[in-house]
Structure formats: structure tokens, C-alpha cells
Amino acid sequence: MYVKIEGRMYSVIGEIGLSHTAVDVTGSDVKIGDTASVDISPLMVNPRIKRVYE
């Protein structure tokens, strides 16, 4: 599984609880406030997670 952050793909390295995911951003310029997105089925996402439809 991958997460797209500011247009670049990063590997998921683990899940922490039901609504947190750890992503390896080693050596990148990712910073607080950058937009992250995941392409998965909405049925697999915890209902507490905010949905943004574009």
C-alpha cells in the first residue's frame, strides 16, 4: 500500500490503531501540513476518517 503526499508516492510501513498509518518519508522534504491521500475503497476506511471527494 502507498500514500501520495504532495504528488509523490511513499510506502506504508505499518498501521497504528484504527485511524493512523505509518509512512516511510525518510530522505524526503515532507513537512507538517502537506496533503496526503490514499486510493482505497471507502468501505475499508474507519467511519471516523473525514472524507474529501473531488
Side-chain angles (χ1 to χ4, degrees):
M1 181 175 212
Y2 293 90
V3 174
K4 185 186 290 187
I5 303 174
E6 296 297 322
R8 197 162 164 218
M9 301 299 277
Y10 296 92
S11 297
V12 171
I13 57 174
E15 295 179 20
I16 306 165
L18 295 174
S19 58
H20 294 84
T21 301
V23 179
D24 184 3
V25 295
T26 304
S28 72
D29 60 350
V30 172
K31 60 191 174 307
I32 294 173
D34 285 350
T35 300
S37 63
V38 181
D39 291 326
I40 61 172
S41 168
L43 301 176
M44 297 180 67
V45 178
N46 187 304
R48 295 182 296 171
I49 303 297
K50 179 182 173 185
R51 269 93 166 140
V52 177
Y53 300 95
E54 296 179 8

**Sequence neighbours excluded - salt bridge (charged side-chain N to carboxylate O under 4.0 Å, His left out) pairs with any residue from residues 35-45** = none
**Asked** If you look only at pairs with a residue in residues 3-15, which of them pass as a salt bridge (charged side-chain N to carboxylate O under 4.0 Å, His left out), with sequence neighbours excluded?
**Response** none
**Request:** Find out if a path of hydrophobic residues (ILVMFWY) with successive side-chain heavy-atom gaps under 4.5 Å connects Y10 to M1.
**Result:** yes
**Asked** When clusters are formed from ILVMFWY side-chain contacts under 4.5 Å, directly or step by step, what else is grouped with I13?
**Response** none
Side chains of residues 24-38: which donor-acceptor pairs under 3.5 Å do they make with residues two or more places apart or in other chains?
from	atom 1	to	atom 2	distance (Å)
D24	OD1	T26	N	3.0
D24	OD1	T26	OG1	2.5
S28	OG	V25	O	2.6
S28	OG	V30	N	3.4
K31	NZ	D34	OD1	3.2
D34	OD2	K31	N	2.9

